[in-house]
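Each chain gets a letter, A, B and so on, in the order its sequence line appears, and its residues count up from 1.
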Number of protein chains: 2
Amino acid sequence: MNDKRTQLLEASIDLFADEGFWNTPTARIARHAGVATGTLFNYFESKDVLIDEVYMQLKHEWMHHIMQNFPQNGTIKEQIEHIWFRHIDWGLGFPRRYALKQQLALSDLVSDEVQQRQQEALAFGFEIVERGMADGLFVPISAEYFGMLMVANLDAAVQYASAHHLKDMALTRHITTSFEIFWRGVTN
Amino acid sequence: MNDKRTQLLEASIDLFADEGFWNTPTARIARHAGVATGTLFNYFESKDVLIDEVYMQLKHEWMHHIMQNFPQNGTIKEQIEHIWFRHIDWGLGFPRRYALKQQLALSDLVSDEVQQRQQEALAFGFEIVERGMADGLFVPISAEYFGMLMVANLDAAVQYASAHHLKDMALTRHITTSFEIFWRGVTN
DNA sequence: TCCGATATTGACTGACCAGTCAGTTTTTGT
DNA sequence: ACAAAAACTGACTGGTCAGTCAATATCGGA
């Protein structure tokens with residue numbers, strides 16, 4: 001019965017996103033999840049590990065969303081474009097989760113160990129980039145910087161679309177444009 | 001004698017950057033500045049307004065750095081390139097200040113009013129972009145999105161250079177490359 | 001020099017909160 | 001059905017911290 005565990009994680013995500021970590025007492029998380037204060041600490045050793053678990057959960061959901069229908073046999077451009085669209089789709093579909101994941105990634109609330117582990121899960125992405133580099137497809141930069149640029153551009157695209165409530169055609173156009181700008185930039 | 005005021009701001013910047021806002025008690029700020037607890041509240045109504053003032057201070061310093069030797073009569077590309085180099089120069093020259101400014105910009109610790117005011121100070125930048133748009137120089141996107149992309153790319157460039165301790169030629173090459181990638185992306 | 005105004009001090013207060021634990025309820029195995 | 005284990009409860013504790021304020025020090029004008 002990890003039902004309560006899920007409820008606690010869900011409550012944490014809601015409250016952390018809306019109020020910020022420092023403004024959400026564990027007591028409120030428990031209440032929001034419909035359990036007693038003490039119960040939270042049966043499932044999570046401390047508030048710190050709760051944060052770690054929330055972060056892992058979000059990263060996992062994000063990864064899952066990104067990888068759905070991934071074109072394993074597509075071209076590099078198709079693969080990156082797929083990630084582009086799916087990432088933005090997730091960001092707009094789950095704005096609170098997206099914002100929280102971003103905040104957690106910057107703040108040093110997440111333990112080094114967890115951050116390390118999450119980084120390793122992105123290895124497949126680096127492979128794609130390295131392959132593109134080998135083909136002379138990209139401007140000569142490190143895969144690391146390529147990844148950083150991609151994330152930076154994606155974040156900006158999501159933030160803009162979100163702030164302006166873009167929908168339907170306007171949204172599609174925006175996503176396409178944002179990708180084109182990125183692609184033209186990193187491509188020879 | 002706003003000497004103490006400056007000391008308090010400086011101490012706040014140091015401690016906020018190193019320990020995080022929520023982990024630095026006002027008492028420690030006061031001690032670090034060499035004054036008593038109560039004195040801090042003579043200069044700043046509350047911890048919240050202290051944060052506002054810190055943010056304004058950082059933005060102001062940043063703006064000042066950016067605008068030094070600004071090529072008023074240069075081409076649009078020269079002007080944006082100038083901002084590019086100066087921004088990165090500031091980020092690498094004052095890493096703690098840069099990190100703190102970024103953190104504050106994301107967190108909602110800064111009051112809406114101050115955030116608003118700071119936004120207005122960037123008006124001159126929007127003018128440059130609008131001019132470029134009118135000339136058909138840029139891809140057709142809003143000046144707002146252009147600005148977001150620029151900031152996103154700059155942040156990535158600073159973060160990368162900072163993490164890898166780039167210096168001298170390697171640094172110059174990196175800055176140039178980062179600008180080229182951005183410019184090629186947003187330009188027709 | 002003297003005095004009122006202003007700045008500074010730091011012990012103190014009231015509120016908050018992470019984490020505990022003794023007691024209670026629920027589950028599990030036989 | 002029963003007992004032992006496991007899960008759950010929430011009042012409580014020890015510690016922290018923003019902001020106060022009465023007492024003290026410093027300053028500036030006459």
Side-chain angles (χ1 to χ4, degrees), chain A residues 1-58 100 103-104 107-115, chain B residues 1-58 100 103-104 107-115:
Chain A
M1 175 123 38
N2 68 0
D3 199 25
K4 291 215 168 81
R5 199 189 132 90
T6 306
Q7 285 169 26
L8 282 164
L9 277 178
E10 210 60 32
S12 300
I13 291 171
D14 282 357
L15 294 173
F16 286 164
D18 288 351
E19 318 277 348
F21 330 96
W22 301 99
N23 295 323
T24 76
T26 51
R28 190 149 45 180
I29 296 171
R31 186 149 37 88
H32 197 271
V35 302
T37 323
T39 302
L40 188 150
F41 293 96
N42 287 346
Y43 290 92
F44 306 98
E45 200 176 301
S46 68
K47 198 181 182 182
D48 284 335
V49 339
L50 172 59
I51 291 180
D52 273 1
E53 303 267 2
V54 163
Y55 187 65
M56 285 195 293
Q57 173 71 21
L58 292 176
L100 181 56
Q103 273 180 273
L104 282 173
S107 78
D108 52 338
L109 294 164
V110 179
S111 70
D112 291 347
E113 192 232 334
V114 166
Q115 223 146 12
Chain B
M1 172 128 36
N2 68 0
D3 198 23
K4 292 216 168 80
R5 199 190 132 88
T6 304
Q7 283 169 26
L8 283 164
L9 278 178
E10 210 60 32
S12 299
I13 291 171
D14 283 357
L15 294 174
F16 286 164
D18 287 352
E19 316 278 349
F21 173 74
W22 298 98
N23 295 323
T24 76
T26 51
R28 190 150 45 177
I29 296 171
R31 186 149 38 89
H32 197 269
V35 302
T37 323
T39 302
L40 188 150
F41 293 96
N42 286 349
Y43 291 91
F44 307 96
E45 199 176 302
S46 68
K47 198 181 181 183
D48 284 335
V49 340
L50 172 59
I51 291 187
D52 273 359
E53 304 267 3
V54 163
Y55 187 65
M56 286 196 293
Q57 173 71 21
L58 292 177
L100 181 56
Q103 273 181 271
L104 283 173
S107 78
D108 52 339
L109 294 164
V110 179
S111 70
D112 291 348
E113 192 232 332
V114 167
Q115 223 145 14

What distance separates [X] [atom1] from [Y] [atom2], expressed to the nearest 0.5 Å?
X      : Y      : atom1 : atom2 : value
A:L9   : A:D14  : CG    : CG    : 11.0 Å
B:R5   : B:Q57  : CZ    : CD    : 8.0 Å
B:Q115 : B:Y55  : CD    : OH    : 5.5 Å
B:I51  : B:M56  : CD1   : CE    : 12.0 Å
A:F21  : A:S107 : CZ    : OG    : 5.0 Å

Counting C-beta onward and ignoring hydrogens, is there a side-chain heavy-atom pair between B:V54 and B:L100 closer than 4.5 Å?
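Yes, their side chains come closer than 4.5 Å.
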
Report yes if some heavy atom in the side chain of A:W22 is under 4.5 Å from a heavy atom in the side chain of B:L109; otherwise report no.
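A side-chain contact is absent here, since even the closest heavy-atom pair is not under 4.5 Å.
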
Please list, by residue number, the residues of residues 18-30 of chain A whose heavy atoms come closer than 4.0 Å to an atom of DNA chain D; answer none if no residue qualifies.
none

For the pair made of [atom1] in [X] and [atom2] in [N], what is the distance, rounded to whole Å?
X     : N      : atom1 : atom2 : value
B:L15 : D:dC17 : CG    : P     : 13 Å
A:F44 : C:dT20 : CZ    : C1'   : 18 Å
B:Q7  : C:dA7  : CD    : P     : 16 Å
B:R31 : C:dT8  : CZ    : C1'   : 17 Å
A:N42 : C:dT25 : CG    : P     : 17 Å
B:D3  : D:dC27 : CG    : C1'   : 16 Å

Nearest to the side chain of [X] - [options]?
X     : options              : answer
A:T37 : C:dT9, C:dT8, D:dG10 : D:dG10
B:F41 : C:dT9, D:dA18, D:dT9 : D:dA18
B:T39 : C:dT9, D:dC8, D:dA11 : C:dT9

Please set out all donor-acceptor pairs under 3.5 angstrom arising from side-chain atoms of residues 28-42 of chain A, sequence neighbours excluded.
residue: A:R28; atom: NH2; partner: A:N23; partner atom: O; Å: 2.7

Contact under 4.0 Å: B:Y43 side-chain N or O vs C:dT8 OP1/OP2
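Yes, B:Y43 has a side-chain N/O under 4.0 Å of OP1/OP2 on C:dT8.
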
Look at B:K4 and C:dA7 and indicate whether a side-chain polar atom (N or O) is within less than 4.0 Å of OP1 or OP2.
no

What residues from residues 45-55 of chain A pass a heavy-atom cutoff of under 4.0 Å to DNA chain C?
A:S46, A:K47

Atom CD of A:E45: over 12 foreign heavy atoms under 6.0 Å:
no

